[in-house]
Amino acid sequence: MKLYKKILPLAVTLGLACSIESAVAKPNLNTLASYAKVEVSDLNDALKQAVYQQKIIDAITRPSEGKPWWQYRKIFITKSRISAGVKFYFENEKVLKQAENDFGVPAEIVCAIIGVETFFGKNMGTFRVLDALYTLGFNYPKREDYFSKEFANFVALKKRENWSYDEIKGSYAGAMGMGQFMPSSYLSYAIDYNQDGHVNLFTDKADAIGSVANYFKGHGWKKGHGIYYPCHVQNAKNLQALIDKKWDLTVDELYKSGITTKVNLTPNQKIRLFAFDLEDNTIGYAVGLNNFYTIMRYNTSPLYARAVYELSEFIAMDIDKEKQQKGVIVNHRSKKP
Ligand SMILES: [Ca+2]
């Protein structure tokens, strides 16, 4: 462990009368242990097995590319991802419908999340989660608070699920399974949806589906409500000021400023106005409603939320087409705007 090696000689030189643990106990292990309801010895055991990985620091500090929407879109809205989504739907239709019923989250939204996160379980990450959370929680001061807590949550989760640290792999940030849950979300929102006694988001599709839907419900998803609507801003006043209001904007304010939407949105609700860079150098404006906000609770990027929404719409369209070809009557999906 790199940090131990670095700090120990300094502590010795200064003649500090403290143990190695307390010299490097930053973040404080006692605090972390009581936060995650584990023993300090559990944390120490995890620290002993954790390996610092420079690649993880490199990944998190890589300057964010800040892609414009039209470039970002090309990564996620592809024919192969849409058709894999349709396949995933038909393979798991029963459980997706069950989740729609239980949590109010449409099947295509759950499919789109799993599609954007891991291409339906194909790319769940190759880093040991223990190493990822140790590297970021104990060697990356900028995000130490967040990642050291996730480290402790992971220790608690490993204990609960009776895992070995070696078997659990994830993203460089320690996100796990088909829906890429961080340990805190895994502890709070992941569920054993097929009731086999294990919460397994890695290979248990039912658990992954139920858990994503449960996360959405827990983060305010409203059944049957609208998500996202493009709008027309010609002759609009104070466009930037409206964008800057973020989620403090209301439909009434939007319409008063001269912006229009094709579908009339229910007044008084909070919305957010977004500007997306398009390929022809113009800007596309759109509003997100409460359910768009919920997608942003999964990942805070508006680009991410729009990609999930669009992918879900394409998947839904192709599901309907395939059903119609099979002679199934498809109900129109109406959403409350
Ligand atoms: Ca299960």
Side-chain angles (χ1 to χ4, degrees), residues 36-38 42 46 49 81 84-133 149-171 173-221 223 294-295 297-299 308 311-312 315 319:
K37 300 187 181 64
V38 292
D42 295 324
Q49 296 184 55
R81 208 178 293 254
V86 175
K87 189 166 170 266
F88 184 84
Y89 173 84
F90 284 109
E91 281 169 2
N92 301 283
E93 187 172 19
K94 201 174 156 216
V95 65
L96 282 161
K97 284 284 160 200
Q98 183 66 44
E100 203 168 281
N101 219 34
D102 290 346
F103 305 101
V105 185
E108 63 268 22
I109 288 287
V110 174
C111 288
I113 288 280
I114 295 175
V116 166
E117 291 290 344
T118 61
F119 209 107
F120 308 97
K122 235 194 207 174
N123 313 313
M124 292 191 285
T126 54
F127 291 98
R128 281 211 313 169
V129 169
L130 179 68
D131 296 345
L133 298 172
K149 281 183 180 157
E150 290 294 1
F151 177 89
N153 284 328
F154 181 60
V155 170
L157 183 61
K158 179 250 183 198
K159 238 179 142 177
R160 191 190 84 180
E161 295 296 324
N162 207 15
W163 290 335
S164 87
Y165 285 126
D166 277 337
E167 67 184 323
I168 303 302
K169 306 269 169 57
S171 75
M176 293 171 279
M178 286 182 245
Q180 296 284 278
F181 275 42
M182 291 301 288
S184 53
S185 300
Y186 208 120
L187 286 167
S188 306
Y189 296 101
I191 54 171
D192 177 17
Y193 204 42
N194 64 352
Q195 295 178 305
D196 68 350
H198 301 279
V199 184
N200 175 355
L201 303 186
F202 299 89
T203 54
D204 214 334
K205 286 177 183 153
D207 286 5
I209 289 163
S211 300
V212 169
N214 186 41
Y215 183 99
F216 267 63
K217 192 184 178 192
H219 287 84
W221 184 270
K223 185 181 179 174
T294 298
I295 303 175
R297 302 285 301 274
Y298 211 95
N299 178 315
V308 165
L311 183 63
S312 79
I315 290 172
I319 290 169

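In listed order, ligands and their atoms are each counted from 1.
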*asked:* Angle between ring planes, Tyr186 versus Trp163, binned at 30° and 60°: parallel, tilted or perpendicular?
replied: perpendicular
*Check whether the ring centres of Phe181 and Tyr189 lie less than 6.0 Å apart, and answer yes or no.*
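Not under 6.0 Å, so no.
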*Report yes or no: do Asn214 and Tyr193 form a side-chain donor-acceptor pair below 3.5 Å?*
no
*CE on Met178 to CG on Asp207, rounded to 0.5 Å*: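 These two atoms lie 8.0 Å from each other.
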*At a cut-off of 3.0 Å, list the protein N/O/S atoms near the Ca ion (ligand 1), residue plus atom name.*
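Hits for the Ca ion (ligand 1) below 3.0 Å: Asp192 OD1, Asn194 OD1, Asp196 OD1, His198 O, Asp204 OD2, Asp207 OD1, Asp207 OD2.
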_Atom CD of Gln195: over 12 foreign heavy atoms under 6.0 Å_ =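 No - once you tally the heavy atoms of other residues, nucleotides and ligands closer than 6.0 Å, there are 12 at most.
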*Can a salt bridge be assigned to the pair Lys97 and Glu93 using a cut-off of 4.0 Å between side-chain N and carboxylate O?*
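Salt bridge: no.
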